[in-house]
Amino acid sequence: MNKNKIDVKIETKKGSMDEWPEPIVRVQSLAESNLSSLPDRYIKPASLRPTTTEDAPTATNIPIIDLEGLFSEEGLSDDVIMARISEACRGWGFFQVVNHGVKPELMDAARENWREFFHMPVNAKETYSNSPRTYEGYGSRLGVEKGASLDWSDYYFLHLLPHHLKDFNKWPSFPPTIREVIDEYGEELVKLSGRIMRVLSTNLGLKEDKFQEAFGGENIGACLRVNYYPKCPRPELALGLSPHSDPGGMTILLPDDQVFGLQVRKDDTWITVKPHPHAFIVNIGDQIQILSNSTYKSVEHRVIVNSDKERVSLAFFYNPKSDIPIQPLQELVSTHNPPLYPPMTFDQYRLFIRTQGPQGKSHVESHISPR
């Protein structure tokens, strides 16, 4: 009898990650059905709803940092730029970068290829439907909690690294150029991420490849989540993405620079990010907060939606090798500054968001070691 109970328990647990807990509804389909009100599942509690009074003054924005001249054959070469990045990582957890080395034409092509994909009929995209085990493919929810509050967005998630997870058969085949464009885009963002990692290490007084080594050297993980936020009939009641900090290492976001949506929490105020043309938005993730022993901050953020315009953004995630334990670097801890976090692999860590969905900063804070 005990064996049967164990078998059932394992099968139930397995099923919870192989299938969504209820039928998936595509948000695009809801948006195209001329709703005058929102289904209850998409209405956020009053405490989470966006309001115009929460927006910071127009002059406030996350730091914009020009990287031109920072990287040279001799190494990192501009102390002023380095200091600005350090300040942004410690105080904001977010910053925009311009003159980053990625061609504007490639950025535009990446965004517009995905926009064209999402403009396909919903039925044509269903062949790419995902499951909660890997999230790879076409999706419309995070977390496997039955009856959970849902966000007003669809998305596409795919793997770029490690190479054995990169499967073009799971990538869209339409529009015809999308695979070629995204492959090149991914390669360029891997290079940019590696450069920024060198800055993050050096700014902490470490050798410049220290963070990269902690992530697994060249054996890192990289993936892409493309977000599609359709028009929403009641944007004051919904969110495109609920408040959360990113569980991975670093996120490089290509926003929709024509439609604002990303909001960052700063001193208990939600600040709407105003994207600079052809800039990337860099976001420190939980794994770098852990490595830095909380010197660098992963910051809570969310996405608001729009009643008049759709929005497309591309979030590139640069992550540690999935089975390497991540913990505060030894060089950054002492008797006066003990390690705040126990060792944990990224595979173990990201399981939380894959099962629970976005939950503010509760996950990283739940792992802070008692002093």
Side-chain angles (χ1 to χ4, degrees), residues 54-72 76-111 185 188-204 211 227 240-241 245-246 248-285 288-289 292 295-304 306 309 311-318:
E54 286 181 318
D55 290 346
T58 304
T60 303
N61 198 1
I62 62 174
I64 300 174
I65 301 175
D66 190 334
L67 299 185
E68 187 172 20
L70 176 60
F71 304 106
S72 68
L76 302 172
S77 57
D78 194 311
D79 292 341
V80 175
I81 300 174
M82 299 270 289
R84 291 202 65 204
I85 294 173
S86 178
E87 182 181 357
C89 291
R90 294 164 187 259
W92 281 89
F94 274 84
F95 54 98
Q96 297 191 61
V97 292
V98 296
N99 289 320
H100 40 63
V102 182
K103 295 178 182 177
E105 298 83 5
L106 179 60
M107 299 169 73
D108 292 340
R111 188 195 298 109
Y185 181 82
E188 289 298 311
L189 264 67
V190 168
K191 294 176 187 175
L192 176 59
S193 298
R195 295 186 189 111
I196 295 174
M197 290 281 278
R198 289 161 53 197
V199 176
L200 300 183
S201 291
T202 304
N203 275 340
L204 290 177
F211 269 26
N227 306 296
L241 191 55
S245 61
D246 288 352
M250 177 168 56
T251 303
I252 299 183
L253 179 73
L254 175 59
D256 191 325
D257 56 13
Q258 302 301 309
V259 186
F260 299 166
L262 175 64
Q263 291 189 325
V264 174
R265 188 191 284 275
K266 174 69 170 172
D267 300 328
D268 294 325
T269 298
W270 287 106
I271 294 174
T272 301
V273 176
K274 298 156 186 67
H276 191 281
H278 292 119
F280 285 115
I281 297 172
V282 180
N283 172 18
I284 299 300
I288 284 181
Q289 175 170 319
S292 74
T295 300
Y296 295 151
K297 309 298 183 187
S298 66
V299 173
E300 200 172 354
H301 51 286
R302 69 183 186 183
V303 175
I304 57 175
N306 194 292
K309 299 177 181 179
R311 183 170 174 269
V312 177
S313 68
L314 282 67
F316 170 87
F317 302 109
Y318 192 81

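Only a predicted model underlies this, so the values are computations on that prediction, with no experimental measurement involved.
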(Q) With no hydrogens and no angle check, just 3.5 Å: does a side-chain donor-acceptor pair link Ser86 and Arg90? (A) yes

Q. What is the distance from atom CZ of Phe316 to atom CG of Asn283, rounded to the nearest 0.5 Å?
A. 13.5 Å

Q: Please round to the nearest 0.5 Å and tell me the distance separating atom CE of Met250 and atom SG of Cys89.
A: 9.0 Å

Q: Would you check if Glu300 and Trp270 make a side-chain contact, meaning some heavy-atom pair closer than 4.5 Å?
A: yes

(Q) Less than 4.5 Å apart, side chain to side chain, heavy atoms only: is that true for Met197 and Ile288? (A) yes

(Q) Under 3.5 Å, is there a donor on one side chain and an acceptor on the other for Asp108 and His278? (A) yes

Q) Side chains of His301 and Asp246: do they bring a donor and an acceptor to under 3.5 Å? A) yes

Q: Cation-pi check, Lys297 to Trp92: give yes when NZ or CZ is under 6.0 Å from the six-membered ring centre and within 45° of the ring axis, no otherwise.
A: no

Q.
As a quick check of understanding, evaluate side chain to side chain contact (heavy atoms under 4.5 Å, CB included) for Ile85 and Phe95, giving each step before the final call.
A. CA-CA 8 Å; Ile85 294 173; Phe95 54 98; 4.0 Å; yes

Q) Are His100 and Met107 close enough that some pair of their side-chain heavy atoms sits under 4.5 Å apart? A) yes

Q) Below 4.5 Å, heavy atoms only, C-beta onward: do Val303 and Asn227 meet side chain to side chain? A) no

Q. Rounded to the nearest 0.5 Å, how far does CD1 of Ile281 lie from NE2 of His276?
A. 12.0 Å

Q: Under the side chain to side chain contact (heavy atoms under 4.5 Å, CB included) rule, what do Leu314 and Tyr185 come out as? Steps first, then yes or no, please.
A: CA-CA 11 Å; Leu314 282 67; Tyr185 181 82; 4.1 Å; yes

(Q) Using only atom types and a distance under 3.5 Å, with no angle test, would you say the side chain of Arg111 pairs donor to acceptor with the backbone of Pro255? (A) yes

Q: Go through the steps for Ile81 and Ile65 under the test side chain to side chain contact (heavy atoms under 4.5 Å, CB included), then give the verdict.
A: CA-CA 7 Å; Ile81 300 174; Ile65 301 175; 3.8 Å; yes

Q.
Under a 3.5 Å cutoff, is there a donor and acceptor pairing between the side chains of Thr272 and Gln263?
A. yes

**Q.** Lys191 with Glu188: basic N within carboxylate O range, under 4.0 Å
**A.** yes

(Q) Can you give me the closest heavy-atom contact between Gln96 and Asn61, atom names plus distance? (A) NE2-ND2, 3.5 Å

Q. With a 4.5 Å limit on heavy-atom distance, are the side chains of Leu204 and Tyr296 in contact?
A. yes

(Q) Is there a side chain to side chain contact (heavy atoms under 4.5 Å, CB included) between Leu200 and Ile284? Walk through the geometry before answering. (A) CA-CA 10 Å; Leu200 300 183; Ile284 299 300; 4.1 Å; yes

(Q) Using a 3.5 Å distance criterion without hydrogens, assess whether the side chain of Asp66 forms a donor-acceptor pair with backbone atoms of Glu68. (A) yes

(Q) Would you say Asp256 and Ser313 are linked by a side-chain donor-acceptor pair, where the criterion is simply a distance under 3.5 Å? (A) no

Q. From Leu262 CG over to Arg311 CZ, what is the distance, rounded to the nearest 0.5 angstrom?
A. 6.5 Å

Q. Got a donor-acceptor contact below 3.5 angstrom from the Ser292 side chain to the Gln289 backbone?
A. yes

(Q) Let me confirm one number: the CZ-CG distance from Phe280 to Leu254, rounded to the nearest 0.5 Å. (A) 5.5 Å

Q: Over all heavy atoms of both residues, which pair between Gly285 and Ser298 is shortest? Give the atoms and the distance, please.
A: C-CB, 3.5 Å

Q) Do the non-hydrogen side-chain atoms of Val282 and Thr251 ever get within less than 4.5 Å of each other? A) no

Q.
To the closest 0.5 Å, what do you measure between OH (Tyr318) and CD1 (Ile252)?
A. 9.0 Å

